[in-house]
Number of protein chains: 6
Amino acid sequence: MLRLASPDNLRFNQSGQLNSTFGGGEANVAVSLANFGLPVDFVTRLPENDIGRWCEQEVRKYGVNTGNISWGGDRLGIYFLETGAVSRGSNVVYDRAHSAISEISPGMIDWDSVFEGAGWFHWTGITPAISENASRVCMEGIEKAKEKGLTVSCDLNFRKKLWKWGKTASDVMPDLVKYCDIILGNEEDAEKVFGIKPDGVDVTKGEVGADAYRSVGKQLMERFPEAKKVIITLRGSVSANHNSWSGVLYNGQDLLKAPVYEITHIVDRVGGGDSFMAGLIFGLLHYKDDQKALEFAVAASCLKHTIYGDFNQVTIAEVQKLMGGDSSGRVSR
Amino acid sequence: MLRLASPDNLRFNQSGQLNSTFGGGEANVAVSLANFGLPVDFVTRLPENDIGRWCEQEVRKYGVNTGNISWGGDRLGIYFLETGAVSRGSNVVYDRAHSAISEISPGMIDWDSVFEGAGWFHWTGITPAISENASRVCMEGIEKAKEKGLTVSCDLNFRKKLWKWGKTASDVMPDLVKYCDIILGNEEDAEKVFGIKPDGVDVTKGEVGADAYRSVGKQLMERFPEAKKVIITLRGSVSANHNSWSGVLYNGQDLLKAPVYEITHIVDRVGGGDSFMAGLIFGLLHYKDDQKALEFAVAASCLKHTIYGDFNQVTIAEVQKLMGGDSSGRVSR
Amino acid sequence: MLRLASPDNLRFNQSGQLNSTFGGGEANVAVSLANFGLPVDFVTRLPENDIGRWCEQEVRKYGVNTGNISWGGDRLGIYFLETGAVSRGSNVVYDRAHSAISEISPGMIDWDSVFEGAGWFHWTGITPAISENASRVCMEGIEKAKEKGLTVSCDLNFRKKLWKWGKTASDVMPDLVKYCDIILGNEEDAEKVFGIKPDGVDVTKGEVGADAYRSVGKQLMERFPEAKKVIITLRGSVSANHNSWSGVLYNGQDLLKAPVYEITHIVDRVGGGDSFMAGLIFGLLHYKDDQKALEFAVAASCLKHTIYGDFNQVTIAEVQKLMGGDSSGRVSR
Amino acid sequence: MLRLASPDNLRFNQSGQLNSTFGGGEANVAVSLANFGLPVDFVTRLPENDIGRWCEQEVRKYGVNTGNISWGGDRLGIYFLETGAVSRGSNVVYDRAHSAISEISPGMIDWDSVFEGAGWFHWTGITPAISENASRVCMEGIEKAKEKGLTVSCDLNFRKKLWKWGKTASDVMPDLVKYCDIILGNEEDAEKVFGIKPDGVDVTKGEVGADAYRSVGKQLMERFPEAKKVIITLRGSVSANHNSWSGVLYNGQDLLKAPVYEITHIVDRVGGGDSFMAGLIFGLLHYKDDQKALEFAVAASCLKHTIYGDFNQVTIAEVQKLMGGDSSGRVSR
Amino acid sequence: MLRLASPDNLRFNQSGQLNSTFGGGEANVAVSLANFGLPVDFVTRLPENDIGRWCEQEVRKYGVNTGNISWGGDRLGIYFLETGAVSRGSNVVYDRAHSAISEISPGMIDWDSVFEGAGWFHWTGITPAISENASRVCMEGIEKAKEKGLTVSCDLNFRKKLWKWGKTASDVMPDLVKYCDIILGNEEDAEKVFGIKPDGVDVTKGEVGADAYRSVGKQLMERFPEAKKVIITLRGSVSANHNSWSGVLYNGQDLLKAPVYEITHIVDRVGGGDSFMAGLIFGLLHYKDDQKALEFAVAASCLKHTIYGDFNQVTIAEVQKLMGGDSSGRVSR
Amino acid sequence: MLRLASPDNLRFNQSGQLNSTFGGGEANVAVSLANFGLPVDFVTRLPENDIGRWCEQEVRKYGVNTGNISWGGDRLGIYFLETGAVSRGSNVVYDRAHSAISEISPGMIDWDSVFEGAGWFHWTGITPAISENASRVCMEGIEKAKEKGLTVSCDLNFRKKLWKWGKTASDVMPDLVKYCDIILGNEEDAEKVFGIKPDGVDVTKGEVGADAYRSVGKQLMERFPEAKKVIITLRGSVSANHNSWSGVLYNGQDLLKAPVYEITHIVDRVGGGDSFMAGLIFGLLHYKDDQKALEFAVAASCLKHTIYGDFNQVTIAEVQKLMGGDSSGRVSR
């Protein structure tokens, strides 16, 4: 997706320029994993025009393989972003209807080629939201991944505005999520998609009460028995500039917790959840330890809030420094 | 339409910023006329989101009345522009499918309100090309304008890539053009839309042989007897930076000619034809003399090539100075 | 007034570019009201040159009517702005002497035309400070407004540096303020102009002790019996980046209070008072309830601190969301 | 003077930023001479505010001594610049009334200190045009310079718009020019100031007929017998982007000519005459040969047209390379 | 190499920003070939710091394989670029001493891995100029390539300023060039490196007399019998903005010529020769016809002059359009 | 040193532009002192190329005398800066090996000329770290300064990464520091260079326990009996955006303390220590009172954190306002 953001904290109409970067749930995870040194493939559909090719170049720059992209369709989805401040939240205007990915069809992706040598397949709830066809291709990929024995993870990523093609998230998501080994969501996703609520937490207040999410994990696992881990990202919005940030991981037994970070001078919070997911995947593969993986994920995504654009661009060393407790932000020289 | 242009002569992928301005055939004519001091109304359909409202503000800035805009639809059309140089032509990527204007329906515009006190209605061949509905609304406006005794003008503005909704320009345009008092086109429009060719001119060579266009005027008038004037803009492309520019006006009797300008260091050639049309409308109303009107139109649009963006932003005094023969470009201080 | 601001937090000499926007007490109120959808007229005097016309365009962009501007004079006033940070305050260099508005004369504004259909006239203490003539034209407008039965409001807006034409604010303002229905000022204005002090408050400490301002309201009303409401904006300067912000309204009986907002990451505080005034006018007209109007005014101007430039560009919905207690700054998507 | 220029070829209202540099006839000559390595003093009056101090810093950056500047007054003069293209000339809006230099008084400059160790005094016709006081201070400097035996040069620099203080250039200039050893002007100055015309040349056509200027030199020398050399800069305006450029020097005997340069892609032509004057002063001091000095001056000022801003920033080596006939513009690496 | 260029035509000291891109003879050829769709490997040495990794990302963005880069050394070479205009040539300041590539040693590149599946090896005369070690590694690669049966091409690329390590180009180049199948140079390279001159041409005048280069081809082939083709790029420098551009190819029998292009508004001429080389390699592989290959090379590199940065970013379709004779630079829409 | 910083909080690879300013320990002190109005000379070695001359101009702009700079060597040192946020610290990549100053030799500086009329010589621990020769020239200057009776001050400025020429700071610094009248360091310098630790303070926690530094002062004075004052800057890193800042001065008897400032929205912390040193030198000369001097130094360097670039650009009035307790950051107008 092309992201067009007004510079600094300007409203759209205040500047004659828009910053152009690229992003989107799956692309963000892919780039983040490539930055951590993992071999990654970005599977999507891009239009055969200069904007589509530009998108491919930006993703490839970070080392993501783009060889399995399906080319076709009319346009690349766009989102316009106006960055808020203090009590004025950021403002997103979606212009992604009729994008190439929304007009994908089953059979367009050569899943055998995509999964050759692969060990993990990650998808997000945004894809099935876009169109019925995208939903079917998503299912196609999940089934094929499962068949080939890959680990399957998903980020619920509920976006109410996107579900316009006839069915609701509640209709569609269960059939997709049931194959997942790992389920990630934020405070609201489980409720909005599956009606599963944490106990005794008022999410509109942005309270970060980790314990209350044990029940969410349990309920999700009961409903989706394939799931081995449920992860909830926890964001407290003090203001557009200052959020608290953490996450919990429920592995069927324990509710693991990570430190809560106060992010007092946010640079860009878009893509925070995606950078968490990428950190978690890397962490699970690297540490083979749920607690460490969770801590890596929270630290990586905490740092994402200091990086402009959708893509997280931090090094393993930077994440580990923060995991190790050094949040002083001293100059490295 | 939102225009997103890479800065300077950069390719899209070379900059992290796109210059954002607004444009489009009818908007360009409207702004240009407002700059010349005429009361103008821009009739279109804009989506009720921040991008639509931003567009309204930019047009209103120049003094165009925006009170008759119809609000609705999902998105504002976009075009991406990469400015060429020397033998690399500028590159336009259209992303205007499913725009608010393409999803307009007859009845959405209150033509009685629009035409209250109005004397002139201008439309271009881009509107009927967009969608069947846009075509029908265009016809609705033309008929109402004619009924109320307004002068009706049109710019043929043939864009092959846009005619995708089932009928061709040749199918649709004759029924619309037949009401026009004034018809404007460039060297290729009459041929591409009506199969009418100038005698003995090879347009691909960009030759500016004014006389050859007398026959185009005659043939158009024979086919569309309402037409009182046919105007052809004449562009010779030496390179992306250097064009020659002129135009002829056939009024049923004489083929009037204007000077040919050598525009050796083009700043922005997009909107050149629209600025010509606006110059012509102003010229006809102001001078009540075809020759003067033509000269004003050619001079105004020659100056447009020195103005960035789709909108022509020159003063009457600047146009008249050039009409008077002073093309020296001296500093005014 | 043309505002020329160094970008980011740079000193003037650190950048080869200045951001150019427009502002000034009355223009800021006008644009803000137009953004809230009210019909507004900006009455001023602009020089007949490209800078004056540019100013008109920028104001018109937001929907303010510019048809009653008086054209003439030599120059548009300028102010240079350097944005501070932490303990370095922002720095304003005025260059507004000899501006067109300062050389206005009684009779230049056609007040009958201006006030046709109008219900409200707002002026600020900056206008009479500029020159004797501006002061006289201000009086001319006030008297005519009163005569026609308009509500008259004023923002005391004391600027010591501006009163250079021979008389002091204390000499001139009483004769103008005595006609006002609504008087707005900040913590220092009443004292500096009329010698009226709040009880027991040390304003240099930036303390926001709302109650202490009841006496200011009372004293002002005793002195100016026409006044029905006195409003005090309350700013506490923790640093250049962090201010607290609120206001009180005394209506002759009660001292109404609004929430105190902590604005921890200010984008631009210039124009804060003007956005308060516009919020108050809109609030009084819309809610017909002093408490609601005050709350709307405080919330609107709190949000102004997140908007770059002098003009407040927020929507009614955004203000009402903050009034409703949601200051979380979450992303809207 | 502060120069505020819209970027690229934009009109003022098209950009939210203005490029800020400094310039003015005498400052331009001073910086250019400092770049050539000569010790130079810039004598002017600047306001004691941040804009005045910024101006001092920019001039000092190039090695000009600023120790003899007189500090005081209210404002620094400003000029707004919009760069033209092709047949749209650049547009200058002056905002220099009431500047610090215009309110200077005799006695404010310590000429003894200024001229200590100095050999040359240069002034331009802009200074006496600004105000009666500036004119008197100019005379003060000229007389003192003459008294101390300095070479005195002047650039006639006629600006019709500036002479507003009661007397005309024709009234004032003769008394100042009569002390000059060296007089420089462009094609129009001598006529506009002294009524002296070249023979048989139509200057409005921008023809560069060098010979015709012999008579101008003769007439000027007859009228001002102190003058030893008269220099005329010759500009032919093909368009705003393309000028021809040369000059002639009459030394009482011969009319020396220099090559005519075709400057086909002008970057910035403002300050062209000033860079000519600086080149001439340097050339006369360095070569002690009128022909070489003239050629250096023409080549230096030809190169100025490729430098952004008022100040010429080229090296002696670059000028000599062009003097030597290499105008190929090859990459130096 | 990191390229730091002042924006627009500014001198270094006129802007507070430098445009940062990457370039260098071999990188430029690699990116250009990747843009034409060929699989390419960039073999170099980069420092293990953020600047080195940034360089890798930029090259990878265009699809060049970076997996065989050797990591180590202290710094990435830099060159500063100031873009000239008219008679002021562009100015390059090299800061590449002690770069990672200059401190490479034989054995650091795994040539077997590099050449696996490869068919062509291209090197330039810049590499052996940098240091003795770079020269030895260059020889190592050439010998290995030859041994494996690859086609070997070289661009003589003589840079006098670079040969500082003890030997001259004349000492070193013959041993490297003797293995080459294809030799490319500009008008001066053959003379400066091997003392081989065209007959009867004064290269300092920039004359493009193609025939005179037949003798250069013959002499080179006699000296280096492995060479099957000698190509000379022909540049005529009218000014920094306007060059003529062409090339000839001598294949042992015929001197093939290509059209001469007038590039009247150059955007960026750096990398012109490299884009020629890439066009030639692609052309020879694609057309298997010397004349077509030469024409493709000249057209591709002609278009490079309209692309900012060292890298040529044009499509095969754009090159073929120009080859086909359409140099009109019309808008593509 | 040329400083190349990515704009805003971007990573290097996110922008096509780098902000170019100049800095370095000694230059920063020099510019800061010149801003306070003291006559200052910057003694260094710069390469005779456009980058070296650019550096000279930038320093001269602020009024620093550059007449004693030694010209020669190959390159100007560079450092790349990426500005961090929150828990991501700023990142510096040094590229200063083989700089002109590192290749200086004894005898290249004419110390007699430098010290003519001078009263103070300041050096920093960075110079001897660069190379053996730079170390020897530093000693040469110190001895000459001492011989002529100047006050000698030093900032220990330990940079582990720089000491690569064979000896360590512990080897070299004692012989240089022993001549110093005034020694300044941060919390870690004394320990890293001389093994002298504060009592009972864990510096990695960024605690600002002023008292603990009394022992550091004592130990340093015992070791270097020439020292009359030891000053420690105290920085607490809450995050990259929020630091606490203070300092203590031990004069052999008392440990003087200054207020601790909370700098909650840092603009640029690089050069903070240098601005402290400059504030101290100015303070000691101006107030002749250690407590006042310390307070001036802390306030000046606190303000530095709000100024972009290495150079502190604040006025005496601004520092004194903060010293006086006004840290409210109110707008000055």
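Note that the structure is predicted; figures quoted are calculated from it, not measured. Chain identifiers are assigned alphabetically (A, B, ...) following the order of the sequence lines, protein sequences preceding nucleic acid strands; residue numbering begins at 1 within each chain.
- Only the side chain of D:Glu318 comes within contact range of chain E, with at least one heavy atom under 4.5 Å from a heavy atom of that chain.
- Distance check, rounded to the nearest 0.5 Å: CG of E:Asn243 to CZ of D:Arg330 gives 8.0 Å.
- Counting heavy-atom pairs closer than 4.5 Å to chain E, the top-ranked of the candidates D:Ile307, D:Asp326, D:Val267, D:Thr21 is D:Ile307.
- Only the backbone of E:Thr264 comes within less than 4.5 Å of a heavy atom in chain D; its side chain stays farther off.
- Between chain E and the options D:Lys61, D:Glu262, D:His305, D:His265, heavy-atom pairs under 4.5 Å are most frequent for D:His265.
- Only the backbone of E:Val238 comes within less than 4.5 Å of a heavy atom in chain D; its side chain stays farther off.
- For the atom pair OG (E:Ser239) and CD1 (D:Ile263), the distance works out to 11.5 Å, reported to the nearest 0.5 Å.
- Chain D forms the most heavy-atom pairs under 4.5 Å with one residue out of E:Asn91, E:Leu162, E:Asn13, and that residue is E:Asn13.
- To the nearest 0.5 Å, the span separating CG on D:Asp268 from CG on E:Asp8 amounts to 12.0 Å.
- Annotation for E:Ser237 and D:Ser328: closest pair CB-O, 3.3 Å, computed over non-hydrogen atoms.
- Of the two parts of D:Val331, the backbone and the side chain both hold a non-hydrogen atom closer than 4.5 Å to a non-hydrogen atom of chain E.
- Once rounded to the nearest 0.5 Å, the distance linking CD1 of D:Ile266 with CG of E:Asn9 reads 12.5 Å.
- Proximity to chain D involves both the backbone and the side chain of E:Arg88, based on heavy atoms less than 4.5 angstrom apart.
- Among E:Val86, E:Val270, E:Leu10, E:Thr83, the residue making the largest number of heavy-atom pairs under 4.5 Å with chain D is E:Val86.
- From E:Gln14, atom CD reaches atom CG of D:Asn19 across 10.5 Å, with rounding to the nearest 0.5 Å.
- The shortest heavy-atom contact between E:Ala85 and D:Thr306 is O-CG2, 3.2 Å.
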